Amino acid sequence: MKKYAKWIFLVMAFWGLSGCASLSHEKPAAPEPSPVSSANRVDVLSNIQHWDLKGLIAIRNARDAWSATWQWHQNKRNYTIGLQGPLGSGSMELTGTPGSVVLETGDGKKFTSTSPENLLEKQLGWRLPVSNLYYWIRGLPVPNVPTEKTLDAKGRLSVLAQQGWRIEYSRYLSVMGVDLPGNMILNNAALNVKLVIKQWQV
């Protein structure tokens with residue numbers, strides 16, 4: 001009788017261990033998107049034409065300095081860039097379509113132009129390279145323009161020089177398997193611009 005009791009105990013123990021093993025089995029994690037190779041990085045970035053981003057911007061010239069939170073919504077060649085200074089001061093919104101751009105200030109004033117660079121320089125005193133940023137913000141050189149560039153070990157832009165501007169990329173964010181800029185510093189003879197991107201949606 002004791003022999004049978006011992007046998008029954010061993011069988012129950014075996015099934016108990018099997019049950020624990022089956023209960024502790026976890027589903028495999030969903031595979032992450034494959035990282036983009038340096039060979040096809042330019043093609044992948046060029047195909048990103050819709051995005052939303054949020055971050056911080058700091059602008060400095062020889063006379064003064066200004067900082068703000070910013071957000072950028074891009075839909076193909078149409079865009080809206082919103083800037084808001086500390087405690088809501090100095091808010092403004094730049095809305096652009098091909099051939100037309102509108103600057104609306106926090107007090108409801110509107111100014112229009114065919115060029116975002118000319119409009120911002122006239123109204124604010126900063127000639128920001130908004131048209132070029134359409135490319136630079138994705139980590140791309142402006143096409144068909146003389147370019148000097150340095151790539152990092154992953155084939156991403158580290159330093160870019162175009163049209164009198166030097167752009168340094170010091171941090172990237174992985175978004176759906178694609179590395180997009182997180183920190184950028186833009187310098188030319190008149191202006192220093194620091195861009196921090198905290199959130200990308202593509």
Side-chain angles (χ1 to χ4, degrees), residues 45 48-96 101-111 115-142 149-150 152 154 156-202:
L45 294 178
I48 297 176
Q49 298 182 12
H50 305 262
W51 66 78
D52 286 281
L53 62 81
K54 296 179 181 179
L56 303 171
I57 182 172
I59 303 171
R60 187 177 73 248
N61 60 19
R63 297 182 301 277
D64 52 24
W66 185 80
S67 62
T69 59
W70 72 307
Q71 54 188 7
W72 182 342
H73 171 73
Q74 185 79 31
N75 181 12
K76 293 186 178 180
R77 300 298 299 196
N78 301 329
Y79 61 86
T80 301
I81 300 174
L83 303 169
Q84 188 170 41
L87 302 177
S89 64
S91 63
M92 63 194 75
E93 187 173 85
L94 190 70
T95 303
V101 61
V102 178
L103 176 67
E104 183 173 2
T105 60
D107 56 5
K109 297 179 181 178
K110 291 185 178 182
F111 308 92
S115 161
E117 291 78 18
N118 292 342
L119 181 58
L120 290 174
E121 184 175 30
K122 181 178 180 180
Q123 300 301 328
L124 305 176
W126 314 319
R127 191 170 182 83
L128 291 172
V130 176
S131 301
N132 288 348
L133 274 171
Y134 172 75
Y135 298 96
W136 296 346
I137 202 70
R138 290 175 286 167
L140 287 170
V142 178
K149 62 183 179 181
T150 302
D152 65 14
K154 294 184 178 181
R156 308 170 303 190
L157 280 177
S158 175
V159 179
L160 174 66
Q162 283 192 310
Q163 296 185 318
W165 285 90
R166 175 185 169 89
I167 305 96
E168 299 178 19
Y169 296 83
S170 59
R171 183 174 65 97
Y172 280 85
L173 301 173
S174 180
V175 183
M176 300 297 291
V178 183
D179 287 343
L180 293 170
N183 283 24
M184 300 168 59
I185 299 178
L186 292 73
N187 283 290
N188 72 357
L191 212 58
N192 174 277
V193 182
K194 294 183 179 180
L195 300 176
V196 176
I197 303 169
K198 294 187 173 182
Q199 180 181 335
W200 271 100
Q201 289 184 343
V202 296

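Since we're looking at a predicted model, the values are computed, not measured. Each residue takes its place number in the sequence, starting with 1.
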Exercise. Does the side-chain contact (heavy atoms from CB on, under 4.5 Å) test come out yes or no for Met92 and Leu124, once each step is laid out?
Worked result: CA-CA 11 Å; Met92 63 194 75; Leu124 305 176; 3.4 Å; yes

Exercise. Under 4.5 Å between any side-chain heavy atoms of Gln49 and Lys76, yes or no?
Worked result: yes

For this session: Under the side-chain hydrogen bond (donor to acceptor under 3.5 Å, both in side chains) rule, collect the residues that match up with Arg60, sequence neighbours excluded.
Result: none

Seminar exercise, completed: CG (Leu180) and CD (Gln201) are apart, to the nearest 0.5 Å, by 12.0 Å

Exercise. To the nearest 0.5 Å, how far apart are CG in Asp179 and CZ in Arg156?
Worked result: 4.5 Å

Seminar exercise, completed: What one should report as the nearest heavy-atom pair of Leu53 and Ile197 is CB-CG2, 4.0 Å

Exercise. Do Val193 and Ile57 come close enough that some side-chain heavy atom pair is under 4.5 Å?
Worked result: yes

Exercise. Any idea which heavy atoms bring Val102 and Leu119 closest together, and the distance?
Worked result: C-CD2, 4.1 Å

For this session: Measure the spacing between CG of Leu128 and CG of Leu191 and express it to the nearest 0.5 Å.
Result: 6.0 Å

Seminar exercise, completed: Residues Trp126 and Asn61: closest non-hydrogen pair is CD1-ND2, 4.1 Å

For this session: Verify whether the ring centers belonging to Trp51 and Tyr134 lie closer than 6.0 Å.
Result: yes

Exercise. What pair of heavy atoms forms the shortest contact from Leu186 to Pro129, and how long is it?
Worked result: CD2-CG, 4.1 Å

Exercise. Heavy-atom distance under 4.5 Å between the side chains of Ile59 and Asn192, does that happen here?
Worked result: no

Problem set entry | Contact summary for Val196 and Trp70, nearest pair of heavy atoms | O-NE1, 3.5 Å

Exercise. Can you tell me how far the CG atom of Asn132 sits from the CD1 atom of Ile137, to the nearest 0.5 Å?
Worked result: 12.0 Å

Exercise. Does Tyr172 reach the side chain of Leu157, with side-chain heavy atoms less than 4.5 Å apart?
Worked result: yes

Exercise. Can you tell me how far NZ of Lys110 sits from CD of Gln123, rounded to the nearest 0.5 angstrom?
Worked result: 14.5 Å

For this session: Please test Leu120 against Leu94 for side-chain contact (heavy atoms from CB on, under 4.5 Å), starting from the C-alpha separation and ending with a verdict.
Result: CA-CA 9 Å; Leu120 290 174; Leu94 190 70; 4.2 Å; yes

Problem set entry | All side-chain hydrogen bond (donor to acceptor under 3.5 Å, both in side chains) counterparts of Glu117, not counting sequence neighbours | Ser115, Ser131

Problem set entry | Non-neighbouring partners of Asn118 that pass side-chain hydrogen bond (donor to acceptor under 3.5 Å, both in side chains), sequence neighbours left out | Arg127

For this session: Give the C-alpha distance, both sets of side-chain angles, the deciding distance and a yes or no for side-chain contact (heavy atoms from CB on, under 4.5 Å) between Val178 and Val202.
Result: CA-CA 10 Å; Val178 183; Val202 296; over 6 Å; no

Exercise. Does Glu104 use its side chain to pair, donor to acceptor, with the backbone of Gly106 at less than 3.5 Å?
Worked result: no

Exercise. When rounded to the nearest 0.5 angstrom, what distance separates CD in Glu168 from CG in Leu160?
Worked result: 11.0 Å

Problem set entry | Side chain to side chain, Val101 and Phe111, heavy atoms closer than 4.5 Å | no

Seminar exercise, completed: Minimal heavy-atom distance between Leu173 and Gly182, with the atoms involved, is CG-CA, 4.1 Å

Problem set entry | Side-chain H-bond candidate by donor/acceptor type, Gln162 with Trp136, under 3.5 Å | yes

Exercise. Quick one: do the Gln71 and Asp52 side chains pair a donor with an acceptor below 3.5 Å?
Worked result: no

Exercise. Under 3.5 Å, side chain of Asn75 to main-chain N/O of Asn78, donor-acceptor pair present?
Worked result: no

Problem set entry | Ile167 side chain near Trp165 side chain, heavy-atom distance below 4.5 Å | yes

Exercise. Do Val130 and Ile81 come close enough that some side-chain heavy atom pair is under 4.5 Å?
Worked result: yes

Exercise. Is there a side-chain contact between Arg171 and Tyr169, using heavy atoms and a 4.5 Å cut-off?
Worked result: no

